[in-house]
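Bear in mind that the values here come from a model prediction, so they are computed numbers and not experimental data.
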Protein chains: 2
Amino acid sequence: MKSSSELSTDLPTQIAASIRDAIVSGDLIVDERLPSEAELSLQFDVSRATVREALKRLAAQSLIRTQRGATGGAFVNRISFEAAHAQQITTSILLLSMNDVSFETACEARFTLERACAPLSAKRRNSIHINMMREEIERQGEAGLSDEAFCASDVAFHRALVDGADNPVLSYQLAGAVEAMQPLMNMITFTARSRSAIVTLHRDIADAIEAQDGVGASDGLAALEVETQNLARRVFEQRKRPEPKM
Amino acid sequence: MKSSSELSTDLPTQIAASIRDAIVSGDLIVDERLPSEAELSLQFDVSRATVREALKRLAAQSLIRTQRGATGGAFVNRISFEAAHAQQITTSILLLSMNDVSFETACEARFTLERACAPLSAKRRNSIHINMMREEIERQGEAGLSDEAFCASDVAFHRALVDGADNPVLSYQLAGAVEAMQPLMNMITFTARSRSAIVTLHRDIADAIEAQDGVGASDGLAALEVETQNLARRVFEQRKRPEPKM
DNA sequence: AAACTTTAATTGTCTGACAATACTTTTTCA
DNA sequence: TGAAAAAGTATTGTCAGACAATTAAAGTTT
């Protein structure tokens with residue numbers, strides 16, 4: 001099990017890397033039980049505390065799970081799309097918020113990816129996803145909806161669109177791009193007029209998907225991107241005026 | 001700092017979640033120093049070992065880094081695109097290998113996303129990425145190249161294409177899709193004829209990018225997808241014949 | 001045969017100690 | 001005086017050993 005990357009890092013990192021390699025390379029397969037902490041501490045010639053810290057690192061990445069009791073231990077986890085989704089979203093949000101990524105850049109990435117999805121979603125459209133999109137459009141039109149709820153509904157609409165492509169890998173890869181936009185969108189105040197413009201575009205997109213018109217859906221998303229970018233630009237400019245850059 | 005998600009999980013998980021919330025919500029900002037392990041163990045009323053396991057979980061997600069010495073401690077990490085890339089690739093590879101994702105599905109996802117990139121890459125094309133693509137094409141034509149090296153070069157070519165879009169968010173989101181294909185591609189044996197077909201398509205794509213012809217690049221990628229899918233289908237069918245299912 | 005008890009294995013947590021590291025302060029001495 | 005050396009100090013890294021909590025399996029009783 002001791003194989004690679006034994007640098008000048010601390011011991012738990014080395015041990016975690018060693019076990020991770022064994023999992024990635026297939027030496028340890030899903031649901032296989034790792035040696036007990038006591039055995040591992042003998043194998044790696046470190047204390048149990050050190051082994052535990054290594055195992056916790058792996059658990060944090062959902063690579064293993066642990067179970068107490070007589071037949072317990074650490075087991076190789078089957079990474080679920082759900083867990084991977086969640087992790088990717090957290091990472092994406094932090095990445096954007098910590099690296100001063102402009103709204104423009106994030107928005108471009110999101111719509112570029114989503115447009116790629118549109119033709120597939122149109123081809124494979126199915127009533128479940130269409131209905132979800134319609135429901136969210138309905139919600140977005142309700143008066144008295146908070147900006148935050150409007151954004152959440154917007155994200156749900158787009159998630160339905162992406163999931164409609166019926167390709168789990170695609171859904172997973174796009175999760176970060178779609179969801180990580182929400183905190184950025186939340187900084188925007190949506191006027192009644194801007195909301196109705198967005199709802200109209202959403203309806204166009206849903207119609208195109210339902211009509212299996214991939215090109216139309218793509219065009220609708222392109223228009224939505226322009227609308228969103230303009231809206232953001234207006235909001236940020238207006239916000240700059242009262243307090244003109246320190 | 002004690003805020004949310006205090007369920008029936010173990011203590012390190014709860015503590016890690018609590019600190020993670022503080023980071024995600026912005027209560028702890030980049031490069032800020034966390035209290036020392038001793039202080040945290042007092043705050044959370046647990047032993048230092050338990051705090052350490054929690055911190056290791058966060059370190060595993062690159063959320064914090066630690067430093068020894070008098071002015072040391074745990075600091076909130078600025079998640080770099082590089083680190084996020086690496087994590088995403090690992091997760092994507094494991095996700096595909098553990099969930100019996102078909103070659104077809106993964107391939108479709110990858111090319112769908114990449115096609116979305118092509119217009120941007122064409123518009124913003126720059127000599128660095130063009131040269132990288134040309135270099136990889138050159139390498140792919142060399143005789144005596146191992147299948148594995150051919151695949152690695154293929155990935156490098158596509159990474160250059162994606163990076164050419166000059167949008168770091170896009171590059172990050174696509175990293176998983178592009179790189180996670182490599183282990184799947186590695187299962188394929190590339191004949192001289194199939195290699196030359198791929199190289200020709202790569203050259204077409206590079207030419208289109210250089211000519212700022214986004215549509216052409218997209219079409220080239222579509223053709224490459226068809227070629228790749230056919231190739232994979234042939235290889236898998238042939239492999240089934242000598243050993244017909246068990 | 002079913003219900004209960006005991007046993008053993010394993011992870012979860014705690015305590016206390018010492019080592020390693022790196023910055024700060026003090027001392028030394030040229 | 002001023003720079004180098006030494007000591008001090010706060011912090012993480014690692015260890016050893018202990019006990020608690022949990023769980024499945026084996027054994028015992030009814």
Determine whether L145(B) and F190(B) make a side-chain contact, defined as any pair of heavy atoms from C-beta on separated by less than 4.5 Å. no
Ignoring hydrogens and angles, write down the donor-acceptor pairs under 3.5 Å from the side chains of residues 79-86 of chain A, residues two or more places apart or on other chains.
residue : atom : partner : partner atom : Å
S80(A)  : OG   : A83(A)  : N            : 3.0
H85(A)  : ND1  : F81(A)  : O            : 3.0

Rounded distance (Å) that lies between atom C1' of dC14(C) and atom CG of L40(B): 17 Å
Sequence neighbours left out, what passes ring-ring contact (aromatic ring centres under 6.0 Å, His included) with F157(B)? Give chain and number order. H202(B)
Classify R65(A) by what it touches in the nucleic acid, base, sugar-phosphate, or nothing, heavy-atom distance under 4.0 Å. nothing
Strictly under 3.5 Å: I want the nitrogen or oxygen pairs between protein and nucleotides 13-20 of chain D, one per line.
residue : atom : partner : partner atom : Å
dG13(D) : OP1  : T66(B)  : OG1          : 3.1
dG13(D) : OP2  : R52(B)  : NH1          : 2.8
dG13(D) : OP2  : R52(B)  : NH2          : 3.3
dG13(D) : O4'  : R68(B)  : NH1          : 2.7
dG13(D) : N7   : R48(B)  : NH2          : 2.8
dG13(D) : O6   : R48(B)  : NH1          : 3.3
dT14(D) : OP1  : L11(A)  : N            : 2.9
dC15(D) : OP2  : S47(A)  : N            : 2.9
dC15(D) : OP2  : S47(A)  : OG           : 3.3
dC15(D) : OP2  : T50(A)  : OG1          : 2.6
dA18(D) : N6   : R48(A)  : NH1          : 3.4

Integer-rounded Å distance: dA10(D) C1' and L34(B) CG: 16 Å
Separation of L94(A) CG from R20(B) CZ (nearest 0.5 Å): 9.5 Å
Look at the side chain of S153(B) and the backbone N and O of E136(B), then say whether any donor-acceptor pair between them is shorter than 3.5 Å. yes
Nucleotide dT13(C), atom C1' - distance to CG of L55(A) in whole Å: 15 Å
Positive for side chain to side chain contact (heavy atoms under 4.5 Å, CB included) with M185(A), one of L231(A), D147(A), D154(A): D154(A)
I want to confirm an ordering. Mapping T71(B) and G69(A) to their closest nucleotides on DNA chain D, which one lands closer to the 5' end? T71(B)
